[in-house]
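Per chain, numbering begins at 1; letters A, B, ... match sequence-line order.
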Amino acid sequence: MTEIANNRTSRLRAVRSYIKLYRLLIRTSIRSRMQYRFNFALGSILAALIQLSEFLMVAIVLAKFGSVQGWSVHEVGYLFAVMTFSKTIYRTFGDEVHHLERYLVEGELDQLLTKPLPVLLTLMPRSFRVMFGEVIQGGAIMIWALGAMLGSGQVTWWAIPQTVFAVLTGAVVLFAIGLATATCGFWTTRISMLQNMTEDAAQTAARYPLTLYPNWMGVLLLTAIPVGLVNYLPALYILRGELGIWVFPLLAAAACLVLLFALRFWAFGISRYQSTGS
Amino acid sequence: MISFRASSFTGNIRLYRVLAAKAYARNIQYRGSHLLHNFASAIFGYLYACIWIGLGRDHSLGEYGMLGMMHYITFTQASLWVSSFTTNGLGIPQSVRTGQIALDLMRPVHLFAHLAAKEAGQVAYQFLYKSIPVYLIMLLALGLTPAENGRTLPIALLALAGAAYVSLCLNYLIGISSLWTTESSWLYWGNQAMMNLLAGFFIPLQWLPLWLQHIAWASPYPFMLYAPTQLYLGKGEAVLLLGTLAWCAVLTLLCLLATRLLRHKVEVQGG
């Protein structure tokens with residue numbers, strides 16, 4: 001019994017020291033970015049413009065056709081904003097996971113393997129991205145969409161904490177998808193093609209209500225590449241009162257499950273990794 | 001100092017051809033992987049087509065109709081590999097970071113012509129191994145035959161060649177900006193975003209709000225995707241090619257001027 005308790009204590013201590021170290025690495029990453037203030041400011045402005053142009057593409061479609069499969073412009077704006085926020089959280093913390101290909105191709109992963117820390121913990125804080133542009137853009141669309149729906153009485157103030165919950169579970173789901181995709185790189189080295197499908201295409205698809213797509217694609221986006229869990233499923237309840245309150249425990253359980261699966265897959269992948277360097 | 005002279009371009013035609021051929025040959029080593037990549041690109045195209053098919057179920061799609069929009073997306077998705085997916089800054093940001101740019105400027109060839117030749121090989125490869133397969137996959141997936149029975153393909157391809165050159169020039173300018181910004185990836189992505197919005201990649205330009213249409217037509221973007229696509233669909237006049245030609249000329253001049261600025265900006269540090 002004492003041994004089990006000791007193990008638990010040492011594990012907790014290790015986790016605490018990892019978190020402390022993680023914070024330190026993040027601070028270092030932010031400080032290194034701030035050395036290039038002009039780049040940072042330019043990057044943030046352009047990121048906001050890129051986001052704006054992406055939303056304009058959706059907004060123009062809605063302005064032209066009025067609604068998409070019965071979803072109003074505000075509802076589709078909400079889908080877009082939730083996806084933007086979840087993606088922003090994922091990429092703020094896990095940008096280097098998304099860029100694992102570079103480490104695999106250039107053999108940099110080998111250096112990380114020599115460090116006395118879990119690879120993921122060393123990898124993730126290397127580029128902590130402060131994504132002001134996305135936050136401003138996502139925030140503006142969210143305020144506009146939710147504000148209009150609150151004003152019309154379509155939703156109550158409860159929608160706000162519920163949306164925060166959806167954004168957080170969505171970020172976990174997107175991270176898990178990104179991590180599982182990156183793990184494939186341990187076998188294939190190149191992963192950009194896969195990322196195009198599992199991340200870029202899937203996230204683009206989820207900006208619209210999934211009923212717009214053929215059934216097989218809708219099912220795919222809720223199961224194999226579950227981006228529909230990020231915004232579409234919670235929106236069905238929060239905005240339209242469909243399904244039930246059980247959506248939230250379901251989202252939490254699904255997020256935990258996909259994260260667990262992705263972490264297991266990552267651990268398996270890294271055990272099969274063969275260096276590409278000489 | 002190496003200045004721009006017509007002779008420095010024409011005297012090196014053989015060199016440019018070799019540079020283009022080498023870039024093509026380098027890419028062809030990865031054709032298997034790239035052919036797989038096409039699958040991802042086609043999925044993207046299919047997704048966009050699905051959005052229009054879904055919208056077409058409830059709404060009229062104007063002068064295009066559902067079939068027209070499927071052709072529209074098929075052509076724009078395939079064209080992206082020629083007129084949009086040009087190398088980020090033609091590799092200049094990387095050269096600036098490593099200091100290679102100083103050596104590139106010392107070469108007895110003009111930097112713009114040198115990089116343009118290399119990119120031409122890359123674009124030729126992408127056309128053959130990416131655009132054509134994506135086009136064919138999308139035709140098959142959507143059950144289409146070439147628009148206008150393929151009669152409009154030659155003129156559309158001509159416009160696309162011009163679009164590739166315009167894209168090359170824009171990326172050269174983006175690359176050169178890295179001398180001031182130290183990294184230009186945001187400009188590259190900004191350019192991609194403008195391609196999506198102002199080049200008519202997903203939404204035909206006439207469906208944009210009027211103010212956005214004005215902005216679009218004051219830029220080269222419509223000539224990079226929208227004009228070739230209109231020609232492909234048989235909806236555009238050959239006079240659109242003049243616009244492409246004009247932008248090619250203007251951007252070439254800008255690239256040459258930017259190179260001159262670049263020469264004054266480059267500092268070699270360290271020993």
Side-chain angles (χ1 to χ4, degrees), chain A residues 35-36 38-71 133 188-214 216-218 220-221 225, chain B residues 30 32-62 174 177-178 180-209 211-213 215 221:
Chain A
Q35 297 301 311
Y36 302 97
F38 176 71
N39 267 351
F40 181 76
L42 184 71
S44 296
I45 294 166
L46 285 171
L49 282 176
I50 292 168
Q51 285 292 314
L52 179 71
S53 77
E54 287 188 1
F55 180 66
L56 271 177
M57 282 183 28
V58 179
I60 289 164
V61 168
L62 285 159
K64 169 90 183 149
F65 299 106
S67 64
V68 177
Q69 301 270 301
W71 287 62
T188 60
T189 308
R190 298 272 181 194
I191 47 169
S192 55
M193 177 200 80
L194 209 54
Q195 284 173 330
N196 276 346
M197 290 191 277
T198 60
E199 296 198 53
D200 305 333
Q203 287 166 19
T204 304
R207 286 174 187 169
Y208 293 93
L210 297 190
T211 44
L212 193 62
Y213 305 109
W216 65 267
M217 198 187 275
L220 187 85
L221 295 172
I225 311 170
Chain B
Y30 303 104
S33 149
H34 289 164
L35 284 173
L36 274 175
H37 212 143
N38 295 332
F39 184 65
S41 182
I43 287 206
F44 245 117
Y46 184 73
L47 176 79
Y48 287 124
C50 281
I51 293 174
W52 285 116
I53 292 168
L55 285 167
R57 266 189 249 127
D58 298 339
H59 308 274
S60 149
L61 297 182
I174 289 169
S177 75
S178 65
W180 284 268
T181 61
T182 63
E183 79 126 318
S184 58
S185 57
W186 280 111
L187 283 175
Y188 175 76
W189 289 113
N191 181 45
Q192 294 291 330
M194 290 305 104
M195 279 294 293
N196 287 347
L197 187 64
L198 303 180
F201 160 67
F202 175 61
I203 307 165
L205 287 189
Q206 63 267 44
W207 291 354
L208 299 185
W211 61 272
L212 206 53
Q213 283 188 43
I215 294 175
Y221 292 109

Item to check | Contact winner vs chain B - A:Gln195, A:Met57, A:Met217, heavy-atom pairs under 4.5 Å | outcome: A:Met57
Checklist entry - Among residues 195-202 of chain B, which residues come closer than 4.5 Å to chain A, judged by heavy atom distances? => result B:Asn196, B:Leu197, B:Phe202
Item to check | Closest approach of A:Ser53 to B:Met194 (non-hydrogen atoms, all atoms of both residues) | outcome: CB-CE, 4.1 Å
Checklist entry - Going by heavy atoms in the side chains, are A:Leu212 and B:Arg57 under 4.5 Å from each other? => result no
Next on the checklist: Report which part of A:Thr211 has an atom under 4.5 Å of a heavy atom belonging to chain B: side chain, backbone, both, or neither.
Outcome noted: backbone
Next on the checklist: Between A:Glu54 and chain B, with a heavy-atom cut-off of 4.5 Å, which part of the residue counts as in contact: side chain, backbone, both or neither?
Outcome noted: neither
Item to check | From CA spacing to verdict: side chain to side chain contact (heavy atoms under 4.5 Å, CB included), A:Ile60, B:Leu212 | outcome: CA-CA 10 Å; A:Ile60 289 164; B:Leu212 206 53; 3.7 Å; yes
Checklist entry - If you take all heavy atoms of B:Ser60 and A:Phe65, which pair is closest and at what distance? => result O-CE2, 3.5 Å
Next on the checklist: Any non-hydrogen side-chain atom of B:Phe44 less than 4.5 Å from a side-chain atom of A:Thr204?
Outcome noted: yes
Next on the checklist: Just so I know, are the side chains of B:Ile51 and A:Tyr213 near enough to count as touching, which here means a heavy-atom distance under 4.5 Å?
Outcome noted: yes
Checklist entry - Does some side-chain heavy atom of A:Asn196 sit less than 4.5 Å from a side-chain heavy atom of B:Ile43? => result no
